[in-house]
Amino acid sequence: GSCDGRKTRSQRNRIAQLRFFLLDHRKDYANRFGHRENSVLGTSMTDAERDQIDKEAQEYISTCSTLIQCLKPGGRDDVVSEQQQEHKQGVVRILNQYLKDVCSIYSRQRAVRVKRIIDKRRFTRLEADPLPATKESSIPPQTKEYDTDLTADEREAFQQENVQLLEDLTTTVDEVR
């Protein structure tokens, strides 16, 4: 009786801890620029830390799921009335739904991280591929003129600013969705 209540509360608390942890670290976890200190974004989470969060979250979810299944009524030593059995089944359903909702939070965060890693790799590949001469000639002459007036450092600063603006735009679009 009371032992089952403690087990149920314990599971609810474990799931809530995971939920709060995921929500508290959401921005740092999903931030693609987190591998370096970035004062604008205020993050310093490394990819190794993100990988550790993935590993521990998956283990935590698996453990919670297993422990919830242990709460199901019907074991050999579980002699309860029909009403108690229905109550236990309801509690197990609620805990499973809560865990499913937290898994959904984790899955969405993980999907954003994976998408950003893929986008970053694509962007890096695009940067590495030089533009063919035919495309360069299609650039208006005044643009070429401005490019020659900029130093390499200025071009790099503008490039980084463009990446930051793109990231901010992507984040805003993701939040709107």
Side-chain angles (χ1 to χ4, degrees), residues 1-125 163-177:
S2 65
C3 181
D4 289 335
R6 281 193 297 266
K7 287 179 184 177
T8 301
R9 279 188 294 282
S10 173
Q11 281 311 105
R12 184 198 63 212
N13 291 340
R14 288 175 62 92
I15 297 168
Q17 286 173 340
L18 178 60
R19 179 181 178 273
F20 291 130
F21 178 83
L22 292 172
L23 293 176
D24 284 347
H25 295 87
R26 177 186 295 192
K27 287 184 181 182
D28 288 343
Y29 176 85
N31 181 2
R32 95 167 94 170
F33 296 108
H35 62 278
R36 61 184 119 112
E37 193 68 32
N38 190 328
S39 60
V40 175
L41 297 173
T43 182
S44 61
M45 187 178 285
T46 65
D47 287 335
E49 290 170 325
R50 288 181 186 88
D51 293 340
Q52 186 65 29
I53 287 173
D54 287 343
K55 179 180 177 240
E56 290 180 13
Q58 290 168 2
E59 289 172 358
Y60 208 80
I61 289 167
S62 177
T63 300
C64 285
S65 181
T66 300
L67 292 173
I68 290 171
Q69 298 312 310
C70 292
L71 293 173
K72 281 186 173 181
R76 290 191 316 210
D77 300 330
D78 196 13
V79 180
V80 295
S81 69
E82 186 177 326
Q83 185 178 11
Q84 288 172 319
Q85 188 169 356
E86 287 174 10
H87 173 75
K88 281 185 171 188
Q89 288 171 344
V91 168
V92 168
R93 271 195 309 275
I94 290 169
L95 286 173
N96 275 325
Q97 184 59 50
Y98 190 30
L99 182 60
K100 183 179 175 185
D101 293 344
V102 172
C103 286
S104 179
I105 291 169
Y106 170 69
S107 295
R108 284 192 306 267
Q109 286 179 205
R110 177 87 174 122
V112 168
R113 178 183 178 209
V114 169
K115 181 187 179 307
R116 289 185 176 174
I117 288 170
I118 291 169
D119 289 348
K120 181 180 177 183
R121 288 181 183 156
R122 283 184 190 154
F123 183 73
T124 303
R125 255 188 270 130
V163 168
Q164 181 62 45
L165 290 171
L166 180 62
E167 170 63 22
D168 292 343
L169 181 62
T170 302
T171 301
T172 302
V173 168
D174 289 344
E175 289 175 358
V176 169
R177 286 184 189 155

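Residue numbers run from 1 in the order of the sequence given.
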Student: Can you tell me how far the CD1 atom of Ile15 sits from the SG atom of Cys103, to the nearest 0.5 Å?
Tutor: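 Ile15 CD1 to Cys103 SG: 8.5 Å, rounded to 0.5 Å.
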
Student: Considering only heavy atoms from C-beta outward, does the side chain of Arg26 approach that of Ile105 to under 4.5 Å?
Tutor: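 Yes, close enough: below the 4.5 Å cut-off.
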
Student: Is any side-chain heavy atom of Glu49 closer than 4.5 Å to a side-chain heavy atom of Asp28?
Tutor: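 No - every pair of side-chain heavy atoms lies 4.5 Å or more apart.
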
Student: Is it true that, when you exclude Gln83 itself, more than 12 heavy atoms of the residues, nucleotides or ligands shown sit nearer than 6.0 Å to its CD?
Tutor: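 Atom CD in Gln83 is not packed in, count stays at 12 or less.
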
Student: Taking ring-ring contact (aromatic ring centres under 6.0 Å, His included) as the definition, give me every residue that meets it alongside Phe21, ordered by chain and number, with sequence neighbours left out.
Tutor: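 His25.
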
Student: If you compare all heavy atoms of Leu67 against all heavy atoms of Gln11, which two are closest, and at what distance to 0.1 Å?
Tutor: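 Looks like CD1-OE1, 3.3 Å.
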
Student: Please tell me whether Ser104 and Arg108 have a donor and an acceptor in their side chains that are separated by less than 3.5 angstrom.
Tutor: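 A donor-acceptor contact under 3.5 Å links the two side chains.
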
Student: Are any non-hydrogen side-chain atoms of Lys55 and Asp51 less than 4.5 angstrom apart?
Tutor: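 No - every pair of side-chain heavy atoms lies 4.5 Å or more apart.
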
Student: For the OG1 atom of Thr63 and the CZ atom of Arg14, what is their distance to the nearest 0.5 Å?
Tutor: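 If we round to the nearest 0.5 Å, Thr63:OG1 and Arg14:CZ are 6.0 Å apart.
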
Student: If you define the side chain from C-beta out and look only at heavy atoms, does anything of Arg113 sit under 4.5 Å from Arg110?
Tutor: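 Yes, close enough: below the 4.5 Å cut-off.
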
Student: Using side-chain heavy atoms (C-beta onward) and a distance below 4.5 Å, is Tyr106 in contact with Val102?
Tutor: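 Heavy-atom side-chain distance check fails, nothing below 4.5 Å.
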
Student: May I ask you to test the Asn96-Lys100 pair for a side-chain heavy-atom distance under 4.5 Å?
Tutor: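 They are not in side-chain contact.
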
Student: Answer whether the closest heavy-atom distance between the side chains of Leu71 and Leu95 falls below 4.5 Å.
Tutor: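 Counting from C-beta outward, Leu71 and Leu95 do come under 4.5 Å.
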
Student: Looking at every heavy atom in both Tyr29 and Met45, which two are closest together, and how far apart are they?
Tutor: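 Nearest heavy atoms, Tyr29 then Met45: CA-SD, 3.7 Å.
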
Student: With rounding to the nearest 0.5 angstrom, report the NE2 to OG1 distance, His87 to Thr8.
Tutor: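 Here the rounded value is 7.0 Å.
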
Student: Decide yes or no on salt bridge (charged side-chain N to carboxylate O under 4.0 Å, His left out) for Arg50 and Asp54, but give the supporting numbers first.
Tutor: CA-CA 6 Å; Arg50 288 181 186 88; Asp54 287 343; over 6 Å; no

Student: Donor-acceptor pair, distance only, cut-off 3.5 Å: does the side chain of Ser10 make one with the backbone of Arg6?
Tutor: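 Such a contact is absent between Ser10 side chain and Arg6 backbone.
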
Student: Do the side chain of Ser65 and the main chain of Ile61 share a donor and acceptor less than 3.5 angstrom apart?
Tutor: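 No, the answer is negative, given that no donor and acceptor are paired below the 3.5 Å cut-off.
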
Student: Decide yes or no for Glu82 and Glu86: does some side-chain heavy atom of the first lie under 4.5 Å from some side-chain heavy atom of the second?
Tutor: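 Contact flag for Glu82/Glu86 side chains = yes.
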
Student: About how many Å separate CD of Gln17 and CG of Asn13, when rounded to the nearest 0.5 Å?
Tutor: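 Taking CG in Asn13 and CD in Gln17, the distance rounds to 6.5 Å.
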
